[in-house]
Amino acid sequence: MAKPPLSMKPTGWFQVAWSDQVDVGAVHAMKYFGEEMVAWRSESGQVTVMNAYCEHLGAHLGFGGHVVGEVIQCPFHGWQWNAEGRNVRIPYQDRPNRGRRMRTYPVTERNEAIYIWHDIEGREPFFDAPDVFASFNDGSSAADYYAQQRLFREGLELHPQYVLENGVDFAHFKFVHQTPIVPVFTRHDFAAPISYVDFTITFEGDDQQSIDDVRSGVEAINGGLGIAVTKSWGMIDNRTISAVTPVDESTSDVRFMVYIGRTPGKDSPRAAQRASEFGDEVIRQFTQDIHIWSHQRYSDPPALATAEYEGFTAIRKWAMQFYPDGLGGSTADLASGGGAANPTSRRKADTV
């Protein structure tokens, strides 16, 4: 697999599991950002994510390690490690090893998902992971929606930024999804690490329709490059979460979650079935996007139509803050003469 030109170790919140994959007492093995990791849930319900190899002799805690109260125990020699990655017990010695520590990651859990904060410089989180309900400040909660529907695709050759750029791409609906939607963007706010993109939905051929006449649209909140949440209003009330997490230098895991709104007074089995079918359709359309992304090459600078210029240049400029060098390439690549070019030597995006 070819290494993408963008660093696969950006800063931000990234999903590593669903909450129901890590029950109390469970140890869940995984690999992200080139690191073997484990997620485990203590007796009190706290989730910890840490690098997987025991600092004693390197046993993988995901293969036989088990939770004992509020710590995880290594399967090899019984060394116990707490949620801060510190050794708290060596069963055949009267004191722990205070000099070694396992790397742990800041964790947040919301919307039935487990997210970690990743930053190769070790900085603490400087923004919150968005919540598909609370972040829209409209009083909604999961109780107003049917059960979450999910998609999970592993090890795809794509970058998280490809998915985020889809949020400003008005032209793909007709060609990827075969729908006559023509979004009209009403908000592009890329002033902070959490960005906002809103658009109303018009349809091809409705040239006389004014924004005041539009009765449906989408509000999107991007929490860095790893998480995007959307609220759709008008036709069928739904919320979505897309989460893309780099696995290694070439691939990412993609998760997509959908909530379909309940209609008060019409919560029948038939209504639930229709909601499920609509959720399946939302997921189907997302898989159409995945097919494009997983075969895409990052074009820099892109050849843009005039109408695309504002959105794409804004989101690409915003995205650079999440990379180790602030340019999109990795620090190691730059040191060796590869990676992203100096910004003063970059050509502007070509428009036609």
Side-chain angles (χ1 to χ4, degrees), residues 13 15 17-24 41 45 47 108-115 128-153 163 166-167 173 177-181 183-187 194-203 211-223 226-244 254-290:
W13 291 102
Q15 186 177 352
W18 277 292
S19 295
D20 56 18
Q21 291 180 290
V22 190
D23 293 330
V24 170
R41 193 183 297 273
V47 174
T108 192
E109 193 170 5
R110 55 192 53 178
N111 305 140
E112 307 174 59
I114 296 169
Y115 301 100
D128 292 329
D131 186 292
V132 78
F133 301 113
S135 295
F136 291 101
N137 297 313
D138 57 5
S140 64
S141 72
D144 302 315
Y145 290 77
Y146 290 102
Q148 184 186 86
Q149 295 171 249
R150 300 172 177 174
L151 168 73
F152 180 40
R153 297 285 298 276
V163 181
N166 207 57
F173 287 94
H177 305 305
Q178 291 80 52
T179 59
I181 289 175
V184 176
F185 289 96
T186 56
R187 183 184 187 188
I194 294 180
S195 64
Y196 303 85
V197 176
D198 299 347
F199 61 85
T200 56
I201 295 175
T202 62
F203 295 91
I211 295 298
D212 293 335
D213 298 329
V214 175
R215 299 188 180 185
S216 60
V218 176
E219 300 173 28
I221 301 174
N222 303 316
I227 314 168
V229 298
T230 71
K231 168 189 175 180
S232 296
W233 50 270
M235 293 179 287
I236 296 181
D237 178 16
N238 71 88
R239 312 271 173 134
T240 72
I241 310 167
S242 57
V244 184
V254 178
R255 294 175 176 87
F256 185 66
M257 295 134 276
V258 181
Y259 292 89
I260 306 299
R262 299 176 184 271
T263 302
K266 297 182 179 180
D267 200 4
S268 64
R270 177 59 186 146
Q273 177 63 28
R274 286 197 299 268
S276 178
E277 291 169 356
F278 186 77
D280 290 341
E281 173 59 19
V282 175
I283 289 173
R284 186 191 70 82
Q285 291 194 23
F286 190 77
T287 63
Q288 292 175 322
D289 291 319
I290 289 175

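In what follows, residues are counted from 1 in the order of the sequence shown.
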Would you check if the side chain of [X] reaches a backbone N or O of [Y] as a donor-acceptor pair within less than 3.5 Å?
| X | Y | result |
| --- | --- | --- |
| D138 | F136 | no |
| T263 | K266 | no |
| Q285 | V282 | no |
| R255 | R153 | no |
| D144 | S141 | yes |

Gap between atom [atom2] of [Y] and atom [atom1] of [X] - 0.5 Å precision:
| X | Y | atom1 | atom2 | answer |
| --- | --- | --- | --- | --- |
| Q15 | M257 | CD | CE | 4.5 Å |
| T230 | E219 | OG1 | CD | 9.5 Å |
| I221 | I241 | CD1 | CD1 | 11.5 Å |
| S195 | R187 | OG | CZ | 9.5 Å |
| F185 | F199 | CZ | CZ | 6.0 Å |
| S135 | K231 | OG | NZ | 11.5 Å |

Inspect the contact between [Y] and [X] and indicate whether a charged nitrogen and a carboxylate oxygen are less than 4.0 angstrom apart.
| X | Y | result |
| --- | --- | --- |
| R284 | E277 | no |
| D267 | R262 | yes |
| R150 | E112 | yes |

Checklist entry - Taking it one step at a time, do N111 and D131 satisfy side-chain contact (heavy atoms from CB on, under 4.5 Å)? => result CA-CA 7 Å; N111 305 140; D131 186 292; 3.3 Å; yes
Checklist entry - Between T186 and D198, is a side-chain hydrogen bond (donor to acceptor under 3.5 Å, both in side chains) present by the stated rule, with each step listed? => result CA-CA 6 Å; T186 56; D198 299 347; 4.9 Å; no
Looking only at non-hydrogen atoms, find the nearest pair between [X] and [Y] and report the distance.
| X | Y | answer |
| --- | --- | --- |
| F173 | P183 | CE1-CG, 3.3 Å |
| N238 | F278 | ND2-CE2, 3.8 Å |
| R239 | V132 | NH1-O, 3.1 Å |
| S19 | R41 | O-NH2, 3.4 Å |
| Y146 | S268 | OH-O, 4.5 Å |
| V218 | S232 | CG2-OG, 3.6 Å |

Checklist entry - Would the Y259 and F133 ring centres measure less than 6.0 Å apart? => result yes
Item to check | Full working for side-chain contact (heavy atoms from CB on, under 4.5 Å) between R274 and I260 | outcome: CA-CA 10 Å; R274 286 197 299 268; I260 306 299; over 6 Å; no
Next on the checklist: When you compare the side chains of D237 and Y145, does any donor N or O come within less than 3.5 Å of an acceptor on the partner?
Outcome noted: yes
Checklist entry - Looking at side-chain heavy atoms only, is the closest gap between N166 and D289 below 4.5 Å? => result yes
Checklist entry - Run the side-chain contact (heavy atoms from CB on, under 4.5 Å) check on L151 and F286 step by step: do they pass? => result CA-CA 9 Å; L151 168 73; F286 190 77; 3.7 Å; yes
Next on the checklist: Go through it in stages, so that I can follow the logic: the residues are T240 and V229, the test is side-chain contact (heavy atoms from CB on, under 4.5 Å), and I'd like the CA-CA distance, side-chain angles, deciding distance and then a yes or no.
Outcome noted: CA-CA 6 Å; T240 72; V229 298; over 6 Å; no
